[in-house]
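Step one of this worksheet: look at the structure below.
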Amino acid sequence: MSKKENAFSLKFDTEWTYAEAPESTSHIAIEKKYDLFIDGKFVKPKSGKYFETINPATEKPLAKVAEANQKDVDAAVNAARKAFPKWSGLPAKERGKYIFRIARLIQEKAREFAVIETMDGGKPIKEARDIDIPLAAAHFFYYAGWADKLQYAFPNAKAEPLGVAGQIIPWNFPLLMAAWKIAPALACGNTVVLKPAETTPLTALKLAELIQESGLPNGVVNIVTGDGKTGALIVEHPEIDKIAFTGSTEVGKIIQRAIAGTNKKATLELGGKAANIIFEDAPIDQAVEGVINGIFFNQGHVCCAGSRLFVQESIQKEVERKLVDRLETLIVGDPLDKNTDVGAINSKQQLETINGYLKIGESEGLRSHQAKNKLPDSGYFCRPTLFFDVAQSSRLAKEEIFGPVLAIQTFRTVDEVIEKANNTPYGLSAGVWTDKGSKAFNLSSQLKAGVIWANTFNKFDPTSPFGGYKESGFGREGGLHGLAAYLKIKA
Ligand code: ADP
């Protein structure tokens, strides 16, 4: 196996295999118990309560994690409030230096982060190693660069930070979502109270250790753990100026109701049901690969997953055959094995949700194909599944499944597919596969979604704004647009 260098210059020694040498994960420091990170220190929760985070691939506990109550959230918000004048008053280039330092520390600890991310969340190690962790570092690098250039980003105006940002993130890309939230907030001079998801808190707590190591002034970033109740305490806290949330549309709506009538700003990145569209003139093999990546990447736990496939009728048989063949080559199993393509479903609850949708497909009598992989005896696993000829009215085509399940539909004309693709309450992303540039441009202007990929899918870059139309939320993260969400612009 040759040595590999990825786009962000992180060097990975691929001779070192996780699965063949289980003892080599023994140097990965997961503590038995994690406290809350408040005002630069790890402190015991005033609630006195801890909950367990488990490895979904083994169902075994990994660590106990503090459950923050009202008093704990108060302490975190107070620390962030106290740190705000000092942090926002620092020369911008000094703020940038701290953010650069965090980026570099993430790179240094990349391997450790990747293993913890995989163990806590279930994603394949090759994805954690090659995508999540390098991209998280890249976000810190990118926004570190903006810290002293805000006057160029917003010419003829003064850009002022909002204050204390309450940030609530989901379990599908734990460290990456923490980076999406923390990096732009700090670059703009805000302070932060972040809550990771209850099933995947460990990389955010590892990040807290590294933030301590970076010397970031106390209270600038506070990390509190807990479930939705802790999240709600952050949302409702009167001393929070902005809520940045990524998660389900259902909770997004609860948050909108909770902050209505307050001065809190919000950005919400919610669910999706992306259309991935293949035209007859597309390079078919490349498209099939993109469709597989679009839905099976991270077990389909991706808000912008290409979960609805639209195939032009003339190529239906060919595409279906190639998808079935490719499905059989996917390796489902131990997330720590570097050859694994599809890892564990994040939680028992999520597996039950996905199985519920598989039953719906069965009860509708849909033609389907499920990978024949033998699944591990323990852990939460789901075979990648294709449903063919799915009706627009089927729940499989309408609802976000958040699992490795693809609903396939066909179309004849461009107008028909645009109408079908837009016939959804969501609007986060879409993909178009065609050889014709004009078709790609036409579709990208007519599809109602925040991100349109042409002849690729699930490509992420810190310079690119990400966010939804309709019930997929509002506000943008990433790129220059991601800064605006953390600033007051004064003319
Ligand atoms: P999912 O349904 O995919 O688990 P959620 O939207 O429930 O996604 O969770 C995303 C994040 O929102 C998690 O960190 C979770 O703890 C948090 N959360 C859940 N309910 C609430 C709530 N009512 N207010 C604030 N945060 C919440």
Side-chain angles (χ1 to χ4, degrees), residues 36 47 49 51-54 56 65-70 72-73 76-77 120-123 165-182 192-205 207 222-238 240 242-260 262 264 266-273 298-305 307 344-354 356-357 380 382 399-405 426 428 468 471-473 477:
L36 304 167
S47 71
K49 288 191 189 157
F51 61 94
E52 249 171 14
T53 182
I54 65 156
V65 179
E67 186 183 317
N69 69 6
Q70 180 75 63
D72 297 308
V73 171
V77 176
D120 203 18
K123 68 175 65 209
Q167 307 183 317
I168 299 166
I169 57 172
W171 43 260
N172 54 347
F173 295 94
L175 184 72
L176 184 58
M177 289 301 106
W180 278 31
K181 298 278 181 282
I182 295 174
V192 162
V193 176
L194 175 122
K195 189 194 86 64
E198 52 272 38
T199 58
T200 54
L202 295 185
T203 45
L205 292 163
L207 179 66
N222 304 274
I223 295 182
V224 294
T225 42
D227 60 11
K229 291 192 289 300
T230 307
L233 292 172
I234 296 174
V235 170
E236 285 157 20
H237 203 288
I240 294 263
K242 187 229 157 79
I243 294 294
F245 172 77
T246 299
S248 61
T249 293
E250 189 191 345
V251 174
K253 287 180 180 174
I254 295 173
I255 292 176
Q256 271 185 287
R257 281 194 290 271
I259 63 173
T262 72
K264 289 186 181 113
T267 40
L268 304 177
E269 201 261 275
L270 310 174
K273 192 74 189 176
N298 200 28
Q299 297 74 245
H301 301 331
V302 183
C303 43
C304 55
S307 51
I345 299 301
N346 182 261
S347 66
K348 187 162 185 252
Q349 189 191 353
Q350 187 59 24
L351 181 59
E352 281 164 10
T353 303
I354 297 167
Y357 282 102
Y380 312 131
C382 178
E399 297 174 16
E400 185 179 45
I401 301 173
F402 227 59
V405 182
Y426 295 111
L428 193 53
E471 289 193 19
S472 290
E477 293 181 293

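FYI, the numbering just counts along the sequence from 1. Indexing begins at 1, ligand by ligand and atom by atom, following the structure's order.
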Practice item. Do me a favour and list the nearest non-hydrogen protein atom to atom 8 (O) of ligand 1 with residue, atom name and distance? Key: Ser248 N, 3.8 Å
Exercise for review: Quick one: look at Gln350 and ligand 1, take heavy-atom pairs under 4.0 Å, and tell me if it's side chain, backbone, both or neither.
Suggested key: neither
Check your understanding: Quick one: which ligand 1 atoms are inside 4.0 Å of a heavy atom on Ala197?
Key -> 14 (O)
Review point. Under the 3.5 angstrom rule, does the side chain of Thr225 hit a backbone N or O of Glu67 as a donor-acceptor pair?
Key: no
Practice item. State whether any protein heavy atom lies less than 4.0 Å from atom 4 (O) of ligand 1. Key: yes
Practice item. Check the angle between the aromatic planes of His301 and Trp171 and answer parallel, tilted or perpendicular using the 30° and 60° thresholds. Key: perpendicular
Review point. Among protein heavy atoms, which sits nearest to atom 7 (O) of ligand 1, and what does the distance come to when rounded to 0.1 Å?
Key: Val251 CG2, 3.7 Å
Study note, to complete from the structure: The closest protein heavy-atom partner of atom 12 (O) of ligand 1 is Phe245 CE1, 3.2 Å
Review point. Nearest non-hydrogen atom to atom 23 (N) of ligand 1 belongs to which of Ile168, Ile254, Ile234?
Key: Ile254
Check your understanding: Strictly under 4.0 Å, does any heavy atom of Trp171 approach an atom of ligand 1?
Key -> yes
Review point. Is the backbone N or O of Thr199 less than 3.5 Å from a side-chain atom of Thr53, with the two atoms forming a donor-acceptor pair by type?
Key: yes
Check your understanding: Considering only the protein, which heavy-atom contact is closest to atom 24 (N) of ligand 1, and what is its distance?
Key -> Ala232 N, 3.5 Å
Study note, to complete from the structure: Heavy-atom proximity to atom 22 (C) of ligand 1, picking from Pro174, Ala258, Gly271, Gly228, points to Gly228
Practice item. Considering heavy atoms of the protein only, find what lies nearest to atom 13 (C) of ligand 1 and give residue, atom and distance to 0.1 Å. Key: Ile169 O, 3.5 Å
Study note, to complete from the structure: min-distance protein heavy atom vs atom 15 (C) of ligand 1 -> Glu198 OE1, 3.5 Å
Check your understanding: Any donor and acceptor pair, going by atom type alone, linking the side chain of Asn222 with main-chain N or O of Val192 inside 3.5 Å?
Key -> yes
Point to revise | salt bridge (Lys or Arg N to Asp or Glu O under 4.0 Å) partners for Glu471, two or more places apart | key: Lys253
Study note, to complete from the structure: CE (Met177) and CG (Asn172) are apart, to the nearest 0.5 Å, by 6.5 Å
Review point. Can you tell me if CD on Gln349 sees more than 12 non-hydrogen neighbours from other groups inside 6.0 Å?
Key: no
**Study point:** Thr230 side-chain N/O to Ala68 backbone N/O, donor-acceptor pair under 3.5 Å
**Key:** yes
Practice item. Starting from atom 26 (N) of ligand 1, find the nearest protein heavy-atom neighbour and note its residue, name and distance. Key: Gly231 CA, 3.5 Å
Point to revise | Tyr380 side, atom OH; Gln350 side, atom CD - distance, nearest 0.5 Å | key: 12.5 Å
